[in-house]
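Labels below follow one simple rule: chain letters A, B, ... track the order of the sequence lines, proteins then strands, and each chain is numbered from 1. The figures here come from the full heavy-atom set of this structure, side chains too, leaving out hydrogens, waters and symmetry mates.
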Amino acid sequence: MSTPAIVLKSVVSIVGQFPVLAGVDLRVERGEVVVVEGPNGAGKSSLLRLCAGLLPVSRGEAQVAGYDLQEGRDGARKHIGLLGHSPALYDDLTVWENLVFHMKAARADPARIPMALERLGVGGRLESTRAGLLSAGQRRRVAIAFLVARHPEIWLLDEPHASLDAEGREMLGETVAQAAAAGSTVLIASHELEEALVLASRVVSISGGVVVGDGVTAASRIGSRAGTARFGAVAAGTGQILAEHSLHQDLLQAPVQGTDQEILRDSPQGLRPSEDGCNVA
Amino acid sequence: MLRDTLLVAGKDLRIELRSRVVINQMAPFALLVLVLFAFALGPDRNPLITAAPGLFWMAVLFSTMFAVQRSFSLESAEGLHDSMVLAGIDPAGFFAGKLLAIGCELFALEVLVTSGIIVLYGAHVKSPAELLVSGILGTVGLAAAGTIYGALVSGMRLRETLLPLLFLPVASPVLIAGTRAWQIGLQGNSSASSPWLGLLGAFAALYICAGIVLYGPMEDMK
Amino acid sequence: MKYIYAGYIIALAVLFLYGVTLMVRRARLEKAARTLEMENGRSVLRD
Amino acid sequence: MCSLESLLEVMATIDKAIDKRRTVMAAEPVTRPAPWSARRNRWVRAIGVAAILAIALDVYLGLWVTPPDKVQGNLVRLLYIHPALATVALYVAFALAALSSALWLWRRTRAPFFDRLAAASVETGIVFIALTIVTGSLWGRPVWGVYWTWDATLTSTALLLLLFLGYVAIRKSTADPQRRARRSAITALVAFMDVPLIQFSVLWWKTLHQKSTVLNPSLTPKIGGIMGATLALSFVAFLLLFVWMLINRYRIEVLKESLEGAEMEVAIRERVAEAGTSGHLELPADLRVPVSGG
């Protein structure tokens with residue numbers, strides 16, 4: 001395994017007078033897809049913004065993409081793509097101009113834009129309309145398209161499913177799957193767990209600015225809508241064992257590829273599959 | 001750095017052409033200021049002419065503040081500022097880009113206000129060289145100082161009131177020197193203008209360097 | 001001559017007042033720091 | 001279904017994780033500054049007393065002992081306050097503020113000490129410069145017949161006062177200590193850079209505009225003997241006073257920040273405690289499996 005994508009050791013981040021993160025320990029390997037969940041105001045978005053180098057590391061250590069967030073922050077930023085709550089678009093510029101500006105600012109090659117826009121279904125006519133006229137869902141797709149075009153090493157998606165329709169969510173799923181397959185690391189902060197858990201190989205629960213749980217999801221193939229995820233994770237901090245229970249009843253017909261052991265073996269946390277199929281972190 | 005400067009300036013000016021805020025709102029405002037001054041100083045010509053240089057620079061000062069506030073409101077959207085920082089744009093480039101964009105907008109406004117003064121106040125210009133040079137130097141200086149303070153207060157709660165409080169005292173030398181240079185421009189004895197232009201030049205140079213040096217630490221404090 | 005006296009009196013009065021307020025503020029803050037210290041059982045002061 | 005032991009084991013790991021978090025926070029080493037040992041306090045008090053004595057002597061000499069000036073008559077007596085206040089404010093307080101701000105901005109020499117020193121010197125400087133303006137206009141009143149004429153130095157000093165009031169405004173309106181320090185450092189530097197420009201422009205504006213008044217308070221008439229001695233004394237006296245005020249104001253800043261810091265520690269601990277109890281995974285109903293077993 002090369003250097004891990006994200007390493008946080010008891011990181012405290014204080015914004016204003018308030019400790020949004022009060023001692024976070026997290027280790028994410030390259031190529032992992034991790035869902036960060038927790039109640040509102042638990043610090044999910046703050047964790048993502050910290051990894052993006054936008055929040056100060058008041059105490060503890062933080063390395064992202066091999067760069068220390070206190071000294072080499074600029075180095076890390078080249079490898080990080082952040083999809084925030086409000087997509088970063090200038091309302092007066094057209095979609096195309098927006099993306100060209102952001103790509104050039106990030107020193108990326110604007111030639112990848114058409115492909116990315118097509119993939120997210122916002123290409124063609126939409127390119128020349130002003131960003132201000134787009135619907136929230138379209139704006140989010142454009143923002144995702146920017147990430148696809150830039151293809152950073154680390155994807156930080158904050159509530160990516162917000163304002164996306166069914167088709168949009170599927171596209172997001174595919175994009176994340178392809179990114180993970182291509183070796184990028186994806187962190188998703190989300191409330192919509194059914195969608196997010198399908199994509200993720202690991203769940204991190206955060207509450208009160210502290211990581212209170214870290215469970216592994218045995219997510220099998222994502223691919224088509226019919227993918228199922230055998231949920232062997234222990235949702236830490238809740239005491240509820242999420243036994244073998246597929247996500248949606250209607251999804252049962254698609255067989256789960258690969259045996260239990262095969263799926264769980266490549267999960268980084270080395271889960272012990274006990275005989276009765278109940279896996280404990 | 002030059003790359004980022006042109007990138008940011010191009011973006012700002014393109015947004016300006018699309019949204020036409022300067023043309024639709026600030027230009028009428030500048031002329032309005034001239035008319036209000038006329039009301040304040042009475043209709044007869046000579047007080048207006050003697051006060052014309054000062055009025056010009058007062059109009060420019062107010063326009064600078066609006067231009068700075070407008071320019072930094074573009075990036076006020078949460079996501080936008082993060083993406084700018086994340087993209088790793090060189091802070092000095094960002095500063096110079098903003099400075100260039102605001103400078104162009106201000107210069108356009110100044111041409112308008114000058115013609116306004118000539119028409120409304122009937123001032124006739126003896127040596128336009130002074131006006132042009134002092135206009136350019138003054139604009140660059142005001143834009144530089146304005147951009148520094150614009151960035152400093154952007155993101156703060158009471159930035160609308162803080163910006164004038166911080167910016168206007170700093171800009172006072174430009175007002176003084178600019179007015180004198182303009183007066184000479186109108187009266188024509190251009191020999192006496194060199195100290196004032198020197199002062200304007202010094203102000204502009206000083207604040208451009210300050211912006212480039214100080215913009216780095218300012219940026220990563222967001 | 002009265003302007004001279006006025007000048008002196010104003011200057012000295014303001015300086016004296018400012019000096020006293022500084023001393024009072026400092027005393028109050030020192031006390032607050034000490035009481036907070038008692039509560040947590042260890043010092044809160046950072047240099 | 002899952003056995004009970006694995007469930008209990010899971011619960012144990014969670015509690016251990018949260019406790020570890022709490023102990024880490026509690027054991028946070030908080031450096032404790034020397035509580036200003038008695039010796040240092042005595043020094044501060046000594047400076048204070050010396051300042052008061054020097055000023056008393058200065059006032060006594062200035063008002064009664066020194067002879068009235070041939071030209072200005074008794075007006076010259078303000079000479080023993082006004083220039084001293086002005087020089088201390090401009091060339092000590094604000095210069096110190098600008099220097100410490102620059103040092104704070106420079107990464108290698110960055111230390112909280114400079115930020116607090118800048119804050120303390122600006123606030124004290126503002127008091128001094130305000131008094132300079134008051135004494136200056138009082139000096140001008142009998143001469144010009146009006147409190148305020150657009151005299152070169154008076155105007156530029158007034159502008160400087162406004163400039164550094166901006167510094168205080170910025171400092172007061174940001175909460176985050178790190179960001180506040182950075183913003184005020186930049187404001188101090190940018191403001192101080194403007195000082196020479198303002199001085200020149202106002203001076204030229206005044207002199208090139210019309211001949212400057214003979215009795216310009218800043219043009220101290222050539223003096224010697226007892227008057228020169230008193231003038232020198234006035235500089236020393238006000239400098240001592242400034243140093244005393246600066247030290248106290250600095251100490252207040254340290255105390256204020258430490259108290260802010262202490263409240264923050266408590267906030268962190270509450271956050272951590274809150275994490276232990278309410279963390280849970282809201283799952284759609286069909287997924288929630290009731291915990292069974294003994």
Gap between atom CG of D/Leu255 and atom CD of C/Glu30 - 0.5 Å precision: 4.5 Å
Structural part of C/Leu15 lying under 4.5 Å from a heavy atom of chain D: both
Chain C contact via D/Val59 - side chain, backbone, both or neither, heavy atoms under 4.5 Å: both
Residue pair C/Ala11 / D/Thr135: nearest heavy atoms and the distance that separates them: CB-CG2, 4.3 Å
Interface moiety of D/Phe113 toward chain C, non-hydrogen atoms closer than 4.5 Å: neither
CD1-OH distance between D/Ile55 and C/Tyr8, expressed to the nearest 0.5 angstrom: 11.5 Å
Gap separating the OH atom of C/Tyr18 from the CD1 atom of D/Ile126, nearest 0.5 angstrom: 8.5 Å
Close side-chain approach of D/Val134 and C/Val14, heavy atoms under 4.5 Å: no
Segment of D/Thr132 engaging chain C (4.5 angstrom heavy-atom cut-off): neither
Point-to-point distance, once rounded to the nearest 0.5 Å, from CE of D/Met245 to CE of C/Met23: 10.0 Å
Minimum heavy-atom distance between C/Ala6 and D/Leu138, given as atom pair plus value: C-CD1, 4.0 Å
CD1 on D/Ile252 to CZ on C/Arg28, rounded to 0.5 Å: 9.0 Å
Sequence neighbours excluded, every pair satisfying salt bridge (Lys or Arg N to Asp or Glu O under 4.0 Å) that has a member inside residues 123-137 of chain D: C/Arg25-D/Glu123, D/Glu123-D/Arg249
Ring pair (Phe, Tyr, Trp, His ring centres under 6.0 Å) partners of D/Tyr167, counting only residues at least two apart: none
Side chain / backbone / both / neither for D/Ile52 at chain C, heavy atoms under 4.5 Å: neither
Nearest non-hydrogen partners of D/Leu259 and C/Ala32, listed with the distance: CD1-CB, 4.0 Å
